[in-house]
Amino acid sequence: MKYRTSAFLVLFLALVAVVAAGCGGGGDESSSTTATAADTSGGAGGGETLQLAADPSGALKFDPTALEATAGQVTIDFTNDSSVPHNVTIEGNGIEEVASDTVTGDKSSVSADLPAGTYTFYCSVDGHKAAGMEGTLTVK
């Protein structure tokens, strides 16, 4: 029994270390950083899942403001920890406004089958895009 508890504790601590490493240092990073795929599935029609967040303080901006993906099914997992309602909408290169649900203090996602090209992602809540809440998605 003691061996099981020790093994569980080692596995738990390793998991905590992996999660903490993925979260970053929490320092002041530039909002122009680029995120790449968090999850890639192989095979024909595979897909990628990208991570995107609204500024948790309620500012009208995304983190990051540039995303990259491989052509195919692309999903953007969107986190909005602020009390201001936001969503993420993708358009461009023949795609017209594919949007996630608008959420406050919650998560949602949007998926689209995207050919190579450049797309804009933005918050379609009234006035948010005009205030600068947008970014670029490059699909290769």
Side-chain angles (χ1 to χ4, degrees):
M1 183 72 164
K2 185 174 182 179
Y3 175 74
R4 255 190 183 161
T5 303
S6 296
F8 175 77
L9 181 60
V10 169
L11 288 174
F12 176 77
L13 292 175
L15 178 62
V16 169
V18 168
V19 170
C23 291
D28 185 31
E29 296 179 22
S30 168
S31 64
S32 63
T33 57
T34 301
T36 56
D39 177 44
T40 304
S41 302
E48 293 188 39
T49 301
L50 308 174
Q51 303 299 314
L52 182 67
D55 184 279
S57 72
L60 301 182
K61 62 182 184 177
F62 286 118
D63 180 28
T65 57
L67 297 170
E68 292 181 2
T70 303
Q73 188 70 24
V74 176
T75 299
I76 298 176
D77 283 344
F78 175 61
T79 302
N80 178 16
D81 287 334
S82 79
S83 60
V84 178
H86 296 300
N87 67 18
V88 60
T89 303
I90 304 168
E91 77 174 358
N93 200 31
I95 303 295
E96 293 187 29
E97 294 194 354
V98 178
S100 71
D101 291 336
T102 299
V103 294
T104 303
D106 204 354
K107 297 178 181 193
S108 67
S109 62
V110 60
S111 296
D113 189 12
L114 302 177
T118 302
Y119 301 83
T120 299
F121 62 87
Y122 59 92
C123 179
S124 63
V125 172
D126 287 341
H128 290 201
K129 181 180 179 185
M133 193 167 184
E134 65 182 320
T136 302
L137 169 59
T138 304
V139 178
K140 298 177 181 182

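Numbering starts at 1 and runs along the sequence shown.
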Test side chain to side chain contact (heavy atoms under 4.5 Å, CB included) applied to Leu52 and Leu50, step by step: CA-CA 7 Å; Leu52 182 67; Leu50 308 174; over 6 Å; no

Pairs satisfying ring pair (Phe, Tyr, Trp, His ring centres under 6.0 Å), at least one member in residues 100-140, at least two apart: Phe62-Phe121, His86-His128

Spacing of Glu68 atom CD and Thr136 atom OG1 [to the nearest 0.5 Å]: 10.5 Å

Under 3.5 Å side-chain donor-acceptor pair for Thr70 and Glu48: yes

Atom of Val74, atom of Ala69 and distance for their closest heavy-atom approach: CG2-CB, 3.9 Å

Heavy-atom donor-acceptor pair, Asn87 side chain to Ser124 backbone, under 3.5 Å: yes

From Thr120 atom OG1 to Lys129 atom NZ, the distance as rounded to the nearest 0.5 Å: 6.0 Å

Spacing of CD1 belonging to Ile90 relative to CD belonging to Glu97, to within rounding of 0.5 Å: 11.5 Å

Joint cluster assignment, Val110 & Val125, ILVMFWY side-chain distance < 4.5 Å: no

Residue pairs fulfilling side chain to side chain donor-acceptor pair (under 3.5 Å) with at least one residue in residues 103-114, sequence neighbours excluded: Thr75-Ser111, Ser100-Ser108

Asp55 versus Ser82, closest heavy-atom pair with distance: O-CB, 3.6 Å

Heavy-atom pair with the smallest gap, counting every atom of Leu60 and Ala131: CD1-CB, 3.5 Å

Point-to-point distance, once rounded to the nearest 0.5 Å, from CG of Asn93 to CG of Leu114: 8.5 Å

Trace of the side chain to side chain contact (heavy atoms under 4.5 Å, CB included) decision for Glu91 with Glu96: CA-CA 5 Å; Glu91 77 174 358; Glu96 293 187 29; 5.5 Å; no

Asn80 side chain to Val103 backbone, donor-acceptor under 3.5 Å: yes

